[in-house]
Structures are given as structure tokens and as C-alpha cells.
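Whatever order the structure lists ligands and atoms in, that order sets their numbers, starting from 1. The first residue of the sequence shown is numbered 1, and numbering continues consecutively from there.
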Amino acid sequence: MSEHFSVERGLFDDVMVPNYSPSAVIPVRGQGSRVWDQQDNEYIDFAGGIAVSSLGHCHPALVSALKDQGEKIWHVSNLLTNEPALRLAKKLVDSTFAEKVYFCNSGAEANEAALKLARRWALEVHGEHKSQIIAFKQGFHGRTFFTVTVGGQTAYSDGFGPKPGNITHAEYNNLESLKALISDNTCAVMIEPLQGEGGVVPADAEFIKGVRELCDQHNALLIFDEVQTGFGRLGEFYAYMGLGVTPDILTSAKGLGGGFPIGAMLTKTNIAKHLTVGTHGSTYGGNPLACAVAEAVFDIVNTETVLADINKKSQLFIDGLNAINAKYNVFTEIRGKGLLIGAELGQQYQGKAVAFLNAAMAEGLLVLVAGASVIRFAPSLVIPDEDIALGLVRFEKAIANFTQQ
Ligand SMILES: *Cc1c(COP(=O)(O)O)cnc(C)c1O
């Protein structure tokens with residue numbers, strides 16, 4: 001069958017719902033930390049598909065897991081269980097605080113499950129009064145109506161009619177502001193250990209300890225949204241491990257599947273037991289293909305060598321960005337942890353993060369933004385040091401072009 005249309009950017013506007021505005025560049029293949037577009041232009045990938053491609057593109061171990069499982073069985077539904085899901089769940093339980101795992105297909109779904117579980121737990125253990133959910137301004141938890149309302153940007157949740165109720169927001173890194181809201185009516189506090197979408201803002205260690213203490217005082221569940229920070233991204237397998245604070249529920253997605261859609265919610269048995277048969281579910285959640293790929297990601301990422309290397313690579317980024325900034329003075333701060341790094345633009349360039357992203361793309365480099373004034377880097381966790389160096393050279397060229405305009 002011949003194609004009577006050309007597959008290019010213009011087609012997007014003809015046939016796609018207009019909720020995205022993608023660049024003109026259409027990637028067609030990737031290898032490691034490099035991507036090629038339709039015209040065979042090469043890009044260094046510092047974006048990782050928004051902190052998703054944790055082992056780069058087409059990692060041989062992931063391709064092999066996908067092919068192997070793809071020739072065995074793809075889908076059975078949750079009327080039956082399957083080997084890859086059980087293997088992955090066992091590995092997650094053995095390497096975290098958790099005793100039970102629920103699989104789904106995305107970060108939003110993992111958070112939706114966490115919030116529903118928290119509400120169910122509070123209702124059954126404490127009663128109807130305990131339904132308040134507290135989250136944080138500028139936080140991001142996904143786009144289902146529950147999770148987007150728990151997220152801390154009303155711009156994303158307004159305009160869809162009545163919202164799920166009893167959700168309030170405190171200031172991130174401000175314990176007093178949480179103290180003023182929390183009470184025995186609080187069911188759960190949901191927080192990112194480092195706000196990703198909200199501008200790459202790490203939680204202060206003292207703050208996060210204080211959040212745990214307040215939850216304990218008021219019998220509220222602490223939910224860590226580690227959709228972006230987990231699976232090695234911050235240099236620990238999960239970020240909570242480096243903070244000395246253990247949540248009651250943890251959500252994981254993005255890097256977990258290394259590019260194959262999967263999400264997970266992790267928790268303790270005494271909380272998990274409230275999601276009894278029939279209370280929640282997902283047709284695809286925990287399907288063999290997704291779990292086989294995630295297991296392959298787990299086997300590589302959750303090793304001492306890879307985790308230690310993340311912190312070395314992080315330093316290469318920070319040193320490189322500081323050196324660029326010493327020449328061009330565009331950033332007021334370079335922050336983050338592991339391989340989730342943000343560069344905050346100075347006064348003169350406020351609101352121009354997307355323009356920098358486009359300048360970088362023109363030089364053959366993919367980066368991300370986090371809000372209007374922060375450039376975000378979330379490359380593969382195993383990006384070769386040469387690619388970091390080459391990407392930074394391209395980034396410097398982009399900065400030079402942009403600032404000399
Ligand atoms: C990306 C993200 C989500 C949403 O994940 P989806 O897979 O897009 O649903 C939720 N929480 C955090 C912290 C995220 O970064």
C-alpha cells in the first residue's frame with residue numbers, strides 16, 4: 001500500500017489533537033545517547049525523553065529483553081499473573097522499604113493508585129473525617145483529574161469543571177506552611193523529593209525530615225512521588241534512600257521502563273491490604289512485555305557501579321555548565337542531583353528557556369526546560385563521558401549564538 005501523504009511536521013496539525021506543539025524535528029532512530037532525525041541530522045540527547053530513557057536508546061539488554069518476551073507472550077490480563085511481573089515485583093520489594101507492588105502504565109496512574117489507596121486506608125482505619133490531601137505548590141503529579149488537582153499548578157487543573165475535593169497545597173521547603181495545614185483530618189501528604197517539572201528544586205534534608213515527623217504526629221500517610229527522581233536518576237536507586245526518610249507509599253514510572261510505558265506503586269502490607277479484590281485495577285498494568293523490559297532496566301541500574309557513575313557524570317555536567325557560565329554569565333544557579341540538573345536563567349533571560357532549547361537543537365543537542373526560566377538536563381544514566389563533553393561543546397555554541405544575537 002502506498003502512502004498518499006508525507007509524514008512530516010505539518011501532518012501533526014492536520015490529524016493530531018492540538019494539546020502538544022512539537023518541534024519540526026522528527027527523530028527516526030536512536031543509539032545510546034544519540035538520535036537522528038528524518039534528514040539524518042545527529043543530536044546528542046541530554047533530554048532522555050523527559051527523564052525516561054534511563055539507559056539511552058536501543059540499549060542491547062533492553063532490546064534483547066523486548067525481543068525475547070515479544071516472542072513468548074505479550075499480554076494475559078490481570079485474570080492471570082505472569083512471570084516478568086512477579087520477578088520485577090520481587091526485585092523491587094527486595095531492594096526497597098516496600099512489601100507490596102501494584103503495576104500500571106504511567107506516572108499519573110501510579111499516583112492515582114497511591115491517592116485512592118490513601119483515601120481507602122484512611123476511610124477504613126480512621127473514618128470519613130480523614131480525607132484531606134496535602135501536596136505542594138509547583139509540584140507535579142500527572143494529568144488525570146485527581147493527580148492534576150493534587151499537583152500544585154492550578155493552570156493545569158482549572159477549566160475542567162468541579163475538581164476532586166479536600167486537596168490543599170503548602171509551600172515546598174517551608175515546614176511552617178505544612179504545619180499550618182496538617183491535622184488529624186489529613187489523610188496523606190504527597191511530595192516529590194526533588195521538584196522536577198516545578199524547576200529542578202531539591203527538598204532540604206531538614207524539611208523532608210520535618211514532613212515525615214508531621215505525618216507521624218497526625219497519622220497521615222507520606223507518599224513520595226518518585227516518578228522522575230527514582231530508578232537511579234538522583235544517584236540513589238530511589239531518592240528517599242539518600243534522604244534518611246522512608247515514605248509509606250512510593251510511586252515510580254519514567255526511568256523504570258527505560259522508554260517502555262510502565263508505572264508502579266510500592267507500599268507496606270498493612271496499607272496495601274486495603275486495596276482488596278475489585279477495588280482498583282488496570283487492563284494493561286503489569287503486562288509481561290513492560291515488566292520484562294523494566295526488569296532489564298532494574299538489573300543494570302540497581303548496581304553499585306552504575307549508581308556510583310551517575311554521581312561522577314553529574315559532576316562533569318556541573319563543572320561543564322559552570323565553565324560555560326563563567327564565560328557567558330547566563331545562569332544564576334546550577335542545581336539538582338545526580339543526572340537531573342537545572343540551570344536557572346538570569347534576570348536578562350527570564351522566560352526564555354524555550355528559546356535556549358531551540359538554540360541547542362539547532363546545534364544538534366536535545367535539552368529540556370522546567371518552567372519558563374530553567375533549562376533541564378536528564379540524560380541517559382549511562383551516557384558516555386565523550387557524549388557529555390561533546391554535548392556541552394554544542395551547548396556552549398548555542399549559548400554563544402543566543403547571547404550574541
Ligand atoms: C512525569 C511525572 C508524572 C506523570 O507521569 P506520566 O507518566 O506522564 O503520567 C508524575 N509525577 C512526576 C513527579 C513526574 O515527573
Are F395 and E363 close enough, and set up right, to give a side chain to side chain contact (heavy atoms under 4.5 Å, CB included), and what steps lead you there?
-> CA-CA 7 Å; F395 191 58; E363 290 300 327; over 6 Å; no
Can you check salt bridge (charged side-chain N to carboxylate O under 4.0 Å, His left out) on K72 and E83, steps first, answer last?
-> CA-CA 11 Å; K72 286 183 185 155; E83 291 181 356; over 6 Å; no
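Classified by interplanar angle (parallel below 30°, tilted 30° to 60°, perpendicular above 60°), the ring pair F356/F331 is tilted.
Contact annotation for A253 and ligand 1: no heavy atom of the residue comes within less than 4.0 Å of the ligand. Only the side chain of E192 comes within 4.0 Å of ligand 1, judged by heavy-atom distances. Only side-chain heavy atoms of N111 come within less than 4.0 Å of ligand 1; its backbone N, CA, C and O stay farther off.
Atom numbering of ligand 1 starts at 1 in the shown order; those under 4.0 Å from a heavy atom of S106 are 7 (O), 9 (O). Interface atoms of ligand 1 facing Q228, defined by a heavy-atom separation under 4.0 Å, are 15 (O). Per-residue contacts place A108 under 4.0 angstrom from the following atoms of ligand 1 (heavy atoms of the residue considered): 4 (C), 5 (O), 6 (P), 9 (O). Using a 4.0 Å cut-off to heavy atoms of G142, the atoms of ligand 1 that qualify are 4 (C), 10 (C).
Side-chain contact between F317 and P379 is present, with at least one heavy-atom pair separated by less than 4.5 Å. The shortest side-chain heavy-atom distance between L366 and M361 falls under the 4.5 Å cut-off.
Nearest protein heavy-atom contact of atom 6 (P) of ligand 1 is G107 N, 3.5 Å. Closest to atom 2 (C) of ligand 1 among all protein heavy atoms lies K254 NZ, 2.5 Å. Remark: minimum distance from atom 10 (C) of ligand 1 to any protein heavy atom is reached at H141 C, 3.3 Å.
Legend: salt bridge (Lys or Arg N to Asp or Glu O under 4.0 Å) pairs involving residues 258-272, not counting sequence neighbours, sorted by first then second residue: E99-K268.
Remark: atom 8 (O) of ligand 1 lies closer than 4.0 Å to no protein heavy atom.
Of the possible donor and acceptor atoms, none in the side chain of S6 sits under 3.5 Å from a partner among the backbone N and O of E8.
By heavy-atom distance, the residue among V52, D225, T144 lying nearest atom 11 (N) of ligand 1 is D225.
Judged by the 6.0 Å and 45° rule, R34 forms no cation-pi pair with Y43.
Geometrically, ligand 1 and V227 share no nitrogen or oxygen pair separated by less than 3.5 Å.
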